[in-house]
Amino acid sequence: MSSQEKISNIPRMMNDTSLFSPISSYNHSKKILVVEDNVINREILCQILEDTYETLQAENGKEALEMLEKHGEEIVLILLDIIMPIMDGYTFLSIIKKDSLYSSIPVIIVTLNDSEEDEVKALSRGATDFIRKPYSPQIVINRVASIIKLRETAAMVNLMKFDSLTGMYSKDYFYRKAEEIILNNPESNFHVICSNIENFSLVNDMYGLTVGDELLCYVANMLTDCIQDRGICGRINADVFAFLVENPSPFNKVKIEEKISELNTWFGRCTININFGIYIVDSLDVSMNIACDRAMSAYKSVKGKFDKLYAYYDDKIRLKKLYIQAITNNMQAALDAKEFQVYFQPKYTLNSETISGAEALVRWFSPTEGFLSPGEFIPVFEKNGFITELDKYVWEETCMMLRKCIDDNIPVVPVSVNVSRTDLYYPELPEFILGLVEKYNLDTELLHLEITESAYTENPEPIIKAVSKLRKYGFIIEMDDFGQGYSSLNMLSDLPIDILKLDMKFVQNTADSPDSSGKNITSFVIQLAKWMNLTVTAEGVETRAQVNRLKDMDCDQAQGYYFARPMPKKDYIALLKKLSENNIIEV
Ligand code: C2E
Ligand code: CA
Ligand code: CA
C-alpha cells in the first residue's frame, strides 16, 4: 500500500485563514432559519443572531418547509427544535436530507437534554451539531459562525484530495481510497479507526475558532504520526478523524495515552480527551461510510468514559442496535396485542405503615423476547415519541382498575402514573387526562401524576405551564426522582407540585452511612420540603433499617421492596381486598 503523502503542509495550512470569511456585515445577506414552536425560545435565538445575520422564523416543520421553498438558496443554516406540533424536527430533517436542493444546508438541533440517543438519532438523520437549552449567546454565535464557515470550506474543498486545514485526506477521498485499498489487498487485515475529541465544540466556543483549528491540526499531526506508513488518514467531520490501518498490531493504549498527555501539556488551556472506536473490516466490499459508522458506534460506547480509551465494534453494539430496531418495529403491534401490562407497587404511610397509595409501572411481555423491563424500552420510546401512546394506555388501564374496584366495593387508594416529559409537550394533554377521569367517573385526586425532576430543569416554561393546568384540574403532582437532576432546592418553592419523591440514592446513602453526611443531606431535604408544605415519599426502600431512619427523619411515605414489589393488577386488587377485610383500609 502506498503511504499517504506526508502531511508536512500542516503548519502552513494551520495559519492560512484566508479561506475563511470573517464575521462581518457581509453576513447580513445570509439568512438563518429558526424553527421552534416556543415563541420565547424563538425570539431569544433571533435576538442573539440578528446583529450578525438575517433571521427567518417558523413555528413547526411544515412552516419551515414553506420557508425553504421561498428562500431556499439564501438560507445558510437552520436551527431546529425537535418536539413541535404539526411536524416535528425529525420528520423535517428526514424530508430535507432527502431533497438535493436543501440537503447540504447545515442543521443545528436545539436540544432539551444531553441524551446521547437523541444526538445519535439526529446525527443519523443528517443534523450537523447541537446547541442545548437554555441558550448561551456566546455559544450560539460561535457555533453558528463555525458551522457556516465549515460549510463554506467544505463546499470549496469538497472535490479536493486534502482537507485544507489539517492536510489529511478529505472525507470523500479517504472513503474512495480506503475502499480501493481494501479491495486490492484481499490477503490483508484492516481496521477502521475513528477518533473524536471530547467536547471539541466547547473549545471553539470558549477559546474561539483559531484555537480550535490549532488543536485540530495538532491532533491530526499526532495521530498521523502514530499510524506512520501503516495506513491512511482522513478527516471525516469537524473533529472526527478516520484511519484505515493495514495488518494492525494491537491498539497501543500506553503509547496513545502518552501522546494525549503530551497534547495536554502543549494545549494547557483545558483537559482534552480523545476516544477511539475500532471496526475490524470483515468484508472486501464494505462501504467506508458504513465502516466509519460502525467505528463511531463503538466510539460512542466509550464516549465520556475517562477510563476507557477505545472500544471495538462488536456483537454487543451490533445487537444493541438491532434490539432497538426490533423494539421500534414491534411496539405498535405489541400495544394492539395487549403485550404491555400495568403492574402496581403499593406506597405506605411511614407513621402507621399502612398502604396509602400505589404507582402504576408498565411491563412488556413479548412472545418473542420474553419479559422486558421498562428500563429497556422506555428510553427507546421516549426518543421515538411512542411513549405517549403507551402512557395513555397505562393511564386508562389505571383508571379502569380504580373504577372496577369502586364498583366492586373494594376500597381504593390514589394511584400515581408516570407522565413522560414528551407527553407534556402535547397542548391537549391536560384535557386528555381530565377526560379520562371523567370517563371513568373518578375523583381527580385518585390519579396522581409523577413527573421526573429533570423535566422541570431542562425546559421549565412549557412543563410548568402544563403541570399548573393539571394541578388546577385537581390532580396531585409528584416530582419524581428528586435529587437525580440539578434542581436547586430554592427552585422547588416556585414549582407547581404537591409531593416530592426522593430518588433512591437518598435512601441508599442514608442506609450506607448512618452517621455521615448522607443522612444529614436527606434529613435536610425532607425538612425543607415539609417546610414548603410538600409531602415527602422515599423510593427504593429495601430494609427495615432504612424504614426506621426515614421515620426518624419524619419522611411521610415510602415505596420499595421492603413493603411490596410491583405486582400484577389482580394481585394488587386482592391485596386491597384483604386489607379492607382486616380493616386496615376503609371503604
Ligand atoms: P420510577 O418511576 O422511578 O419507578 C420506580 C422504579 O423503582 C421501578 O422500576 C420500580 O420497580 C423500582 N423499585 C421499586 N422499589 C424498589 C426497591 O426497593 N429497590 C429497587 N432497586 N428498585 C425498586 P421499573 O418498574 O423497572 O421502572 C423503571 C422506570 O421506568 C421508572 O422509574 C419510570 O421512570 C419508567 N416507567 C415505568 N413505567 C412507566 C410508564 O408507564 N410510563 C413512563 N413514562 N415511564 C415508566
Ligand atoms: Ca415514577
Ligand atoms: Ca422515581
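For ligands, and for the atoms within them, numbers begin at 1 and follow the listed sequence. Keep in mind the model is a prediction, meaning the values are calculated, not measured.
- Sorted by first and then second residue, the pairs that involve residues 385-426 and meet ring-ring contact (aromatic ring centres under 6.0 Å, His included), not counting sequence neighbours, are Phe381-Phe386.
- Closer than 3.0 Å to the Ca ion (ligand 2) sit the protein N, O or S atoms Glu359 OE2, Asn418 OD1, Glu450 OE1, Asp480 OD2.
- Counting heavy atoms from C-beta on, the side chains of Glu461 and Lys133 never come closer than 4.5 Å.
- Within the 4.5 Å cutoff, the side chain of Met331 has no heavy atoms near those of the Glu389 side chain.
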Nitrogen or oxygen contacts under 3.5 Å, ligand 1 side and protein side:
from	atom 1	to	atom 2	distance (Å)
ligand 1	2 (O)	Glu359	OE2	3.1
ligand 1	2 (O)	Asn418	OD1	3.2
ligand 1	2 (O)	Asp480	OD2	3.1
ligand 1	3 (O)	Asp481	OD1	3.2
ligand 1	3 (O)	Glu539	OE2	3.2
ligand 1	15 (N)	Gln345	NE2	2.9
ligand 1	18 (O)	Tyr561	N	2.7
ligand 1	19 (N)	Glu542	OE2	2.5
ligand 1	21 (N)	Glu542	OE2	3.1
ligand 1	22 (N)	Tyr561	OH	3.3
ligand 1	25 (O)	Arg363	NH1	2.9
ligand 1	25 (O)	Arg363	NH2	2.8
ligand 1	38 (N)	Val362	N	3.2
ligand 1	42 (N)	Asp391	OD1	2.6
ligand 1	44 (N)	Asp391	OD1	3.1
ligand 1	44 (N)	Asp391	OD2	3.2

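- Salt bridge status for Glu63 with Arg42: absent, with no side-chain N to carboxylate O gap under 4.0 Å.
- Arg403 meets the salt bridge (charged side-chain N to carboxylate O under 4.0 Å, His left out) test with Asp407; sequence neighbours excluded.
- Counting heavy atoms from C-beta outward, Lys569 and Val342 have side chains that stay 4.5 Å or more apart.
- A heavy-atom distance below 4.5 Å is not found between the side chains of Leu79 and Glu36.
- Salt bridge absent: Asp552 and Arg549 never bring a charged side-chain N and a carboxylate O closer than 4.0 Å.
- Side-chain contact between Asp480 and Lys501 is present, with at least one heavy-atom pair separated by less than 4.5 Å.
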